[in-house]
Each structure stands twice: as C-alpha cells, then as structure tokens.
Amino acid sequence: MARERRGHRPLELAGFRDDVVAGLSAPQKALPPKYFYDAAGSRLFARICRLPEYYLTRAELALTRGRIGAIARFAGRGGQLVEFGSGESLKTRLLIRALRPAAYVPIDISADALREATLRLAREFPRLAIVRVVGDFSRPLDIPLARGKPAVIYFPGSTLGHLDPAQAHAFLTMSRSVAPRMLVGVDLKKDPVVLHAAYNDAAGVTAAFNLNLLARINRQLGADFDLRRWRHYALYNAALGRIEMHLASLSPQRVQLGSHRWRFARGETIHTENSYKYSIDDFRALAQRAGFARAKVWTDRRGLFALFGLS
Ligand code: SAH
Ligand code: AVI
C-alpha cells in the first residue's frame, strides 16, 4: 500500500528559476545540487551507483548487510522508518526486512524516482504502509508521523555530505526534533586518488549527470546553454575535505534565461556540488555538537564508508 503526501509544493518552477538566477549572478557562479534530480538525473544517479569507481553504494550495502542485526537492534523493530533522500530505496530493503516497520515514510524531491521506488517496494512488501512525501528536506517539511509509534530517521548514501559543516549541524539538530534516533551514512576520508576516480568515472556517467543540470535548465526554464561548450570538472579539495563538482566553460560565451544574461570567461566554472568526506572522530564530534549524546558506528571491511547510529 503506498499513499502520497506532499511536504510542500514539489518543485515550483518559479523557485527553481529564482535559485538559478541567484546562483548564476553570484561572483562564483553556483547551482544547488538538489536540482540534479529530475527523472533523467535520478536515472543517471542510479547508474552512478553501479559504476566500478563509485565504491560508496557497494560499501554501504555490504556494511549494512554484514551488521544488520546490530543496526536493527539500534533502530528498534516495529516503529516508523523515515528516510530523507530515499531515491531507489536500495539499502532500505535490508532495513525493512530486519525492522518490519509499522510504516515507511520516504521523502524525496524527485517525484518520478519516488513513485517508481515505492511501487516496487509495495510489490515486495505488500503489507507495509508506505507514505511517500514529495518534498525538499532543505526547507521546513510536514512529515506525516502517526502518534504513539517510535520513529527512526534513515539518511544513507552520504547525502548529508552535500551540506557544509554548519548546514549539517543545523540538519542534525532539526532531525532530533523529528525522531530521537537516526542512522546516517557518511563517506570517509581516504586516498584522494580513489575519491577523484569515484567522481570522474571512465564511462562518463558522472559527467552526464552534471551536464544534465544545464539540460534541465534549458528544458524547464527555456535557457540556452550550449552543452557542447561545457565540461564536467570534479576535484578533491583536501583543505576543505570535500569533492567539488563544477561545470567549466570551454570558451568565452553568453547564456540567456528570459531577460537575464550572463557572460562566462573561458575556464570559468559553475560550482554544482560539494560532497564532504569525514573522519569518524570529526563526524562523531559534529553529531555531539548537534545534541546526539551517543554514536554507534559501523564501517565496511575496507574502512571506506560508515553508518552512524545517533541517539
Ligand atoms: N538514499 C539513496 C539516494 C541518494 S541520492 C542512496 O543512498 O542511494 C540523493 C537523493 O536525495 C536523490 O534521490 C535526490 O532526489 C534526493 N534529494 C537531493 N536533495 C534533496 C532535497 N533537498 N530534498 C529532498 N530530496 C533530495
Ligand atoms: C547523492 N550524493 C551523495 C552523491 C555523492 O556522492 O555526492 C551524488 C553524486 N555526485 C556525483 N556522483 C554522485
């Protein structure tokens, strides 16, 4: 059974347009990563998860599978499972099998991806109550929780890594007001060469994912980005502990969106995403500052990825 609730209006084109205009008008041009995920972007992300270089999904799946008993004891059985940025709900299946939650509440900005994922889940778990929420978790959300059943938040995939440390602190603090327990997937600091490869795959799927943002702005807002004149550029910024994704202009050019026009110099970039990487101690300290007194941590065998159980 799958029902849908909207946390707020899904993707208002006016809001999308305002964010694009503001982002392209800043000294370092930038676009919010939440706009990667239209139907095409969500499909490209699903392909990224299966790339040989993109170790994150495999590592988190392996550690979840290997430690599911302890994870289920931490999360508690029979309660309400709330997931932020649920996407394909891939790892969630393991949790649903182990926790047997009374309800699953997946929240995602990508309406198509969310619908497809919950239809699959409803077939696989016909007795599970699924309440999908199409919404933006970076803004206040109405999360439909039933009274009297404990809730646990699941935020896998290192999606928290898109927030800078101050935003991550605010997000963790907000989460505590939704549920007292939280499972968070965190990508760990490691050899920069491994990180670099994960965001610069040989098949060019990450490049297509990044460029789809410009294609989406053309499709939905009527801009005139010439995709042949942009290149995907991702680097590990060790000083800030984050992967940065950019789109680099291959030549001097102008772009128009309605009455707005921007000039781009050759080599100028639009910053499209940060993906922060943490050490276990740094993340534990961040969670503690956000009011979580206890942190359990499970990692994969190679120490690439961690799942934190915060309470
Ligand atoms: N949890 C999945 C998917 C991670 S990809 C996994 O671990 O593989 C990030 C997901 O978060 C995408 O499905 C995207 O649509 C969603 N997302 C990104 N920003 C969001 C936002 N601001 N509000 C809601 N969902 C968001
Ligand atoms: C969703 N998120 C955690 C991915 C990441 O690894 O930062 C998005 C992504 N961007 C490029 N590749 C994958």
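Order of appearance sets the numbers: ligands from 1, and atoms from 1 within every ligand.
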Q: Restricting to side-chain contact (heavy atoms from CB on, under 4.5 Å), what partner residues turn up for E116, sequence neighbours left out?
A: R120

Q: Does F308 have R284 sitting over its ring (NZ/CZ under 6.0 Å from centre, angle to axis within 45°)?
A: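 Pair R284/F308 does not count as cation-pi.
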
Q: For atom 13 (O) of ligand 1, state which one of V133, V134, D108 supplies the nearest heavy atom.
A: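 When every heavy atom of V133, V134, D108 is considered, D108 comes closest to atom 13 (O) of ligand 1.
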
Q: Closest non-hydrogen protein atom to atom 8 (O) of ligand 1, residue and atom name please, with distance?
A: K91 NZ, 3.4 Å

Q: List the residues meeting side-chain contact (heavy atoms from CB on, under 4.5 Å) with A98, not counting sequence neighbours, and say none if there are none.
A: I68, A72

Q: For residues Y54 and A198, report the shortest heavy-atom separation together with the two atoms involved.
A: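 Closest heavy-atom pair between Y54 and A198: CD1-O, 3.6 Å.
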
Q: May I ask you to say whether D226 pairs ionically with R228, meaning some side-chain N is under 4.0 Å from a carboxylate O?
A: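 Between R228 and D226 there is a salt bridge, with a charged N closer than 4.0 Å to a carboxylate O.
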
Q: Enumerate the protein residues lying less than 4.0 Å from ligand 2, judged by heavy-atom distances, in chain and residue-number order.
A: Y37, F45, I48, Y54, G157, S158, T159, H162, Y199, T206, F209, M245, E273, S275

Q: Which residue and non-hydrogen atom of the protein lie closest to atom 9 (C) of ligand 1, and at what distance in Å?
A: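 Heavy-atom neighbour on the protein nearest atom 9 (C) of ligand 1: T159 OG1, 3.6 Å.
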
Q: Would you say the rings of F171 and F155 are close, in the sense that their centroids are separated by under 6.0 Å?
A: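 Aromatic pair counts; centres sit under 6.0 Å.
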
Q: Using a 4.0 Å heavy-atom threshold (strictly under), name the region of S86 that reaches ligand 1: side chain, backbone, both or neither.
A: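 The part of S86 near ligand 1 is the backbone, not the side chain.
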
Q: Output yes when the distance from some N or O of ligand 1 to some N or O of D136 is under 3.5 Å, and no in every other case.
A: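 Among all N and O atoms of D136, at least one is under 3.5 Å from an N or O of ligand 1.
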
Q: Relative to atom 2 (C) of ligand 1, which among G135, S110, G85, G157 owns the nearest non-hydrogen atom?
A: G85

Q: For residues A168 and L163, report the shortest heavy-atom separation together with the two atoms involved.
A: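 For A168 and L163, the tightest heavy-atom pair comes out as N-CB, 3.8 Å.
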
Q: Sequence neighbours excluded, which residues qualify as ring-ring contact (aromatic ring centres under 6.0 Å, His included) partners of F45?
A: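 F45 satisfies ring-ring contact (aromatic ring centres under 6.0 Å, His included) with no residue once adjacent residues are dropped.
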
Q: Among F45, Y37, F137, which one puts a heavy atom closest to atom 21 (C) of ligand 1?
A: F137

Q: Tell me whether the NZ or CZ atom of R216 lies within the 45° cone about the ring axis of F16 and under 6.0 Å from its centre.
A: yes

